[in-house]
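The structure under discussion appears below in the form of structure tokens.
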Protein chains: 2
Amino acid sequence: MRATEILSHKRDGGTLSAEQLRFLIRGYLDGSIPEYQVSAWLMAVYFRGMTGEETGELTREMIASGDSIALDPARRPYVDKHSTGGVGDKVSLVLAPLAAACGVSVPMMSGRALGHTGGTLDKLDAIPGYLSVLDPERFAAVIGEVGFAMTGQSERIVPADRKLYALRDVTATVESIPLITASILSKKFAEGADALVMDVKCGRGAFMKTPEDARALAESLVRTGAALERKVVAVLTRMDEPLGAMVGNFLEVEESCRILAAPEKPAAGFDRPAFEDARLADLIEVTLHLTAWMIVLAGKAPSRDAALALARERLLDGSAYRAFCANVEAQGGSLKDLEAGFGTRRAPLTEEICAGTDGVITEIDAYRIGMAGVDLGVGRNRAEDDVEPDVGIELFAKCGERVRAGTPLCRVYAVSNDALRAGRERAAQAFVIDPGAGAESLGPRVIEELHELE
Amino acid sequence: MRATEILSHKRDGGTLSAEQLRFLIRGYLDGSIPEYQVSAWLMAVYFRGMTGEETGELTREMIASGDSIALDPARRPYVDKHSTGGVGDKVSLVLAPLAAACGVSVPMMSGRALGHTGGTLDKLDAIPGYLSVLDPERFAAVIGEVGFAMTGQSERIVPADRKLYALRDVTATVESIPLITASILSKKFAEGADALVMDVKCGRGAFMKTPEDARALAESLVRTGAALERKVVAVLTRMDEPLGAMVGNFLEVEESCRILAAPEKPAAGFDRPAFEDARLADLIEVTLHLTAWMIVLAGKAPSRDAALALARERLLDGSAYRAFCANVEAQGGSLKDLEAGFGTRRAPLTEEICAGTDGVITEIDAYRIGMAGVDLGVGRNRAEDDVEPDVGIELFAKCGERVRAGTPLCRVYAVSNDALRAGRERAAQAFVIDPGAGAESLGPRVIEELHELE
């Protein structure tokens, strides 16, 4: 077998066999196939795509490049959720305990913030004492105790993905649907998930800007899952404005707790129930839908609608919050210190941005809010940068709301004057207020749900 | 400027600026841009192509990567010819002295045989004593003395092409029209040519299999020439069966001399004039057309037809052969030893292949004859292999001729029994004889002539 033949076959629109993909990936990892051939293959894949079978084989080969986490077979099936990344996206913090409370085993591996999108791991690090990186044994044990565990990715899981991603990043081949698919699925299946719910976001704050692109990725994920005989459900959700009201690390943990603890609000110290706060409606909607599909995939409900009802019930009866609390304690966090920060733990420098005119908010550009977050220290431009736990942005209104000139639109929290100025300026540019528009909701955030194609 | 931006711009179908191409090529040569980015760019170019302006800028940058040969300005314009490679293609050996005899200054740089296609340099090496590689000063001096000189490519000319070609070869990006265009034109213009006639071959023995592909390359060459303000004429010629009757190194030199020396055949010792030999009609047709365009580009005739008439006249009056002889002597060859070999200098092992049935020859597959030549030692599979000067194949008949069972179709000359067996077998597979077909000529070899597009 020769690499050039594999390259020209893909270049000419052919489908690579399992043996050819194995030869390529193993050769890349052991150094017998040089990077310049791999990058030419990546670019050919960018143009020619891959079939579901082919993407499945690539995924399989990537999984085989590293360790797989052994989880207790008695608790199967394990179901995880993954998102393509958004702004204010704290869904995982609510969804994981909620799914666990519904009887789903959730082995959740998360990433860090990069660019305008946030990272669950950075949010977890804002919980006092919380160990966001567990070794595989402890990870498995916490799932056994609590029903779910949260951790970062191990270096030993899918090393092929790290190496390939680094090469894609410098060869303009990141934006390839089959390559994105294999990257996501290889990590999720190597970490022990038997099934996966994907939150494929689309809109100005998402990686995929249009529903068409998002749908293509969603279809690829579902199709490739089928090729690997693992169930994948993909839910297309809007990411035009930030999800919920908070963008920040501690701020988003607090907001998640508001939702989880709504039924027992005195304990959490919130002044009004989260379910009555219109700013959180989109977050709750998306979280319930994604959780419902996890419940279906785990076989804990017979239909999506039954699963939705179960999820709502477990959220309202407090069992989701109890699961959250059990996890915080199991992973070394202090609930007392966490709750002590609610409503008070804020970076010291603060400023409000107010509406300049009467009208309806027609846009809160999630990308700009995300980049304002980077200015403030919520996220990072480069993987090696640090983040600030207590900075961020609180939105006081959402799209479709009517405001008057002078109404506060959001508040910015910063740890330095430079960051405050930069973040404030960028956040202000995110808002569009149209004096002539009518007050109108953006409508449901869940656009489409894809499962079992063909 | 960043390489990834250049890559994504080309990937998305954009046109690169002169600055971007300069950054890329210089960075590649000085090592600041790694091969994996260059190969991804090559694959993106494979899919997206390049405009004529862009190809021109790439060509310019490639020329700037090395030396350019300084030729006597008094003899300008210098006009060269280049072919995309064929089987039995000894056109250069006749054309260069013929063009010189018509007043054209010809700085001819040739290559070696590779794969099924022959190489002028290997043919020249079959002339006793001939120095086929001249230093630039001697090259210029021989043109001054004789009107043309023949040499191999200097290592110092267009090093970017050697480096890029080596990378294209292992990344399945050889077959890209703009990259082929820049590779050809950069070498020709760096060697001192002011204008160029391109023989773009198409058919089963050519790099371009279809007239459409050949035309696309021809158009790219003419358009890019225009972008560089140098005149390029591209002539599309058929390469389905070998050109002329001989395939070999010395055999092809001998055949060229038969044509050049036809008017004074006793001196050359040939038993019948080349112009009466139907097997050479295609070779003479193609040579005269290509030479005519060189004459037009050098301003030595007002039209292609006038140039054709001039070329015919100079071939028939013996002045082309005199130019050839003067060049052989100027480049150290022995005419006496050369002529002594005519008709007798043959590899010792020989075998005839005869028709197995009555019928008309409908195919003499140039690719198979070329590969039979590689088996015999005419050409080589790898650049580092040696060639044999005296081996080869003589065709006794051409396509369209009626033969009877037992009629000799060709004779194979070899230096070992293994080579004889392999070459004989492969050559035999090249012939298709159709008992039901009518005797019919393949028609003109020149399909189309392209110049001054737009």
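By convention in this document, chain letters (A, B, ...) are assigned in the order of the sequence lines, proteins followed by strands, and residues within each chain are numbered from 1.
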Validation row, ring centre B/Y36 to ring centre A/Y36 under 6.0 Å: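 Ring-ring flag for B/Y36/A/Y36: false, centres at least 6.0 Å apart.
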Is A/E54 paired with A/K10 through a side-chain N to carboxylate O contact shorter than 4.0 Å?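 Salt bridge present between A/K10 and A/E54.
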Between B/R11, B/Q37, B/M43, who has the most heavy-atom pairs with chain A when the cutoff is under 4.5 Å?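 Among the listed options, the one with the most contacts to chain A is B/R11.
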Counting heavy-atom pairs closer than 4.5 Å to chain A, which one of B/T4, B/T171, B/D12 comes out on top?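 Ranked by heavy-atom pairs under 4.5 Å with chain A, first place is B/T171.
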Run B/D122 and B/R380 through side-chain contact (heavy atoms from CB on, under 4.5 Å) and show every step you take. CA-CA 10 Å; B/D122 293 313; B/R380 48 173 77 80; 2.9 Å; yes
Region of B/A44 in contact with chain A, defined by heavy-atom distances below 4.5 Å: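 It is both, since atoms from each part get that close.
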For a side chain to side chain donor-acceptor pair (under 3.5 Å) check, start with the C-alpha distance between A/S83 and A/D89, then their side-chain angles and the critical distance, and finish with the verdict. CA-CA 9 Å; A/S83 147; A/D89 180 8; 3.1 Å; yes
Select one option (side chain, backbone, both, neither) describing which atoms of A/L167 are under 4.5 Å from chain B's heavy atoms.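 Side chain of A/L167 only, per the 4.5 Å heavy-atom cut-off to chain B.
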When only pairs under 4.5 Å are counted, which of A/E35, A/E5, A/H9, A/R2 shares the most heavy-atom pairs with chain B?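 Greatest number of close heavy-atom pairs with chain B: A/E35.
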Under 3.5 Å: donor-acceptor pair, side chain of B/T224, backbone of B/S220: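 Side chain of B/T224 to backbone of B/S220, a donor-acceptor pair under 3.5 Å: yes, one is there.
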